[in-house]
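Okay, structure first, notes after.
Position 1 is the first residue of the sequence, and the numbers go up from there. These values consider heavy atoms only, across backbone and side chains, with no hydrogens, waters or symmetry-generated copies.
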Amino acid sequence: MATLPEITALLGEPRFHWSDPAPWTALEREIGVELPSDFREIVDAYGSVQINDQLYLKHPAGHLLHSLGRNIGEDLAFWREEDMAEFLPAPVGGNPGELLPVASATTGEAVFLRVPDGPSAPWRVVVQEMDSPSWTLYEMTFGAWLLAYLEGRDVTLCSRNLAPDGPFYAFLP
């Protein structure tokens, strides 16, 4: 499993360093499932950021302009619309086997976490391409998927052209 130090080595030192679990607790109560620890650790370290001018990660802290909680709510409503649901391999939501929208990209992709089918099953990543009716399931944790993205591997999103000098991030305004 990818660790925060591996991601930090490529992306640079995080500067957000959130430690209060209250926003996560409120969000997880609302969506009905506890998010994976690697996802929480990464987002707590970096906050609401844009990576490589492409990938948006957002933190659930309510005082932020770009809040993960607000985005998940809006995205769940969007993906539940009848004409959008057909573009995903499973329904959206917090139940086993469902997809939670947790990130997006300027290039049109939506990144989901697939809720495990059981307590010992792992979380997985699904990326949906808005410009085509296709999606890809990645048999890896969010941290491993993000690390692959930062390394320039093709995980539907690809940073090679957007970050020729190496990965970088900026806080969202």
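A salt bridge links R40 with E28: the distance from a Lys NZ or Arg NE/NH1/NH2 to an Asp or Glu carboxylate oxygen falls below 4.0 Å.
You'll find the ring centres of F112 and W79 inside the 6.0 Å limit.
A donor-acceptor pair is defined here as one N or O able to donate and one able to accept, closer than 3.5 Å; such a pair exists between the side chain of E6 and the backbone of T3. Put simply, the side chain of D117 never gets that close to the backbone of P96: no donor and acceptor are under 3.5 Å apart. Checked by atom type and distance alone, the side chain of E41 never pairs as donor or acceptor with a backbone atom of S37 at under 3.5 Å. Without hydrogens or angle criteria, S48 side chain to H66 main chain gives a donor-acceptor distance under 3.5 Å. Counting only distance, with no hydrogens or angles, the side chain of W123 and the backbone of V125 share no donor-acceptor pair below 3.5 Å.
In this structure, S67 and P60 approach most closely via the heavy-atom pair OG-O, 3.6 Å. The two residues L150 and I7 make their nearest non-hydrogen contact at CD1-CG2, 3.7 Å. Nearest approach of A121 to P116, heavy atoms of both residues: O-CB, 3.3 Å. The minimum heavy-atom distance linking A148 with V155 is given by the pair CB-CG1, 3.8 Å.
The shortest distance between side-chain heavy atoms of R29 and E34 does not fall below 4.5 Å. S134 has its side chain out of reach of F87: every pair of non-hydrogen atoms, C-beta onward, lies at least 4.5 Å apart. For the pair V49/F16, no side-chain contact is recorded, criterion being any heavy-atom separation below 4.5 Å from C-beta on. At a threshold of 4.5 Å between non-hydrogen side-chain atoms, the residues D75 and L100 do not count as touching. With contacts defined as side-chain heavy-atom distances shorter than 4.5 Å, the pair L99/L88 qualifies. Considering only heavy atoms from C-beta on, T106 comes within 4.5 Å of Y56 through its side chain. For the pair L57 and Y46, the minimum side-chain heavy-atom distance is 4.5 Å or more. For the pair Y138 and R124, the minimum side-chain heavy-atom distance is 4.5 Å or more.
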Exercise. Checking side chain to side chain contact (heavy atoms under 4.5 Å, CB included) for the pair I51/L146: CA distance, chi angles, key distance, verdict?
Worked result: CA-CA 10 Å; I51 299 172; L146 181 60; 4.2 Å; yes

For this session: Start with the C-alpha distance between Q50 and Y169, add both sets of side-chain angles, then the distance that settles side chain to side chain contact (heavy atoms under 4.5 Å, CB included), and finish with yes or no.
Result: CA-CA 6 Å; Q50 184 178 24; Y169 73 96; over 6 Å; no

For this session: Evaluate side chain to side chain contact (heavy atoms under 4.5 Å, CB included) for V92 paired with R80, printing each intermediate quantity in order.
Result: CA-CA 7 Å; V92 293; R80 284 181 175 142; 3.4 Å; yes

For this session: Output, in order, the C-alpha distance, side-chain angles, deciding distance and verdict of side chain to side chain contact (heavy atoms under 4.5 Å, CB included) for L35 and F142.
Result: CA-CA 11 Å; L35 292 164; F142 180 80; over 6 Å; no

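No donor-acceptor contact under 3.5 angstrom links the side chains of T156 and E109, judged on distance only. With hydrogens and angles left out, the side-chain atoms of T107 and Q54 include a donor and acceptor closer than 3.5 Å. Remark: the D44 side chain and the W24 side chain contain an N/O donor-acceptor pair separated by less than 3.5 Å.
Here the CG atom belonging to L76 is positioned 12.0 Å from the CD atom belonging to E81, to the nearest 0.5 angstrom. Note that CG of L113 is 9.5 Å distant from CH2 of W145, once rounded to the nearest 0.5 Å. Rounded to the nearest 0.5 Å, atoms CD1 (I31) and CD1 (I72) are 5.0 Å apart. Distance CG/N52 to CG/L157: 10.0 Å, rounded to 0.5 Å. Between the CZ atom in F171 and the CZ atom in R15 there is a gap of 4.5 Å [rounded to 0.5 Å]. Between the CG atom of L27 and the CZ atom of R70 there is a distance of 11.5 Å, given to the nearest 0.5 Å.
Following chains of ILVMFWY side-chain contacts shorter than 4.5 Å, one cannot reach L55 starting from L172, and the two form parts of different hydrophobic clusters. Linking ILVMFWY side-chain heavy atoms closer than 4.5 Å, directly or via other members, places W135 and V115 in a single hydrophobic cluster.
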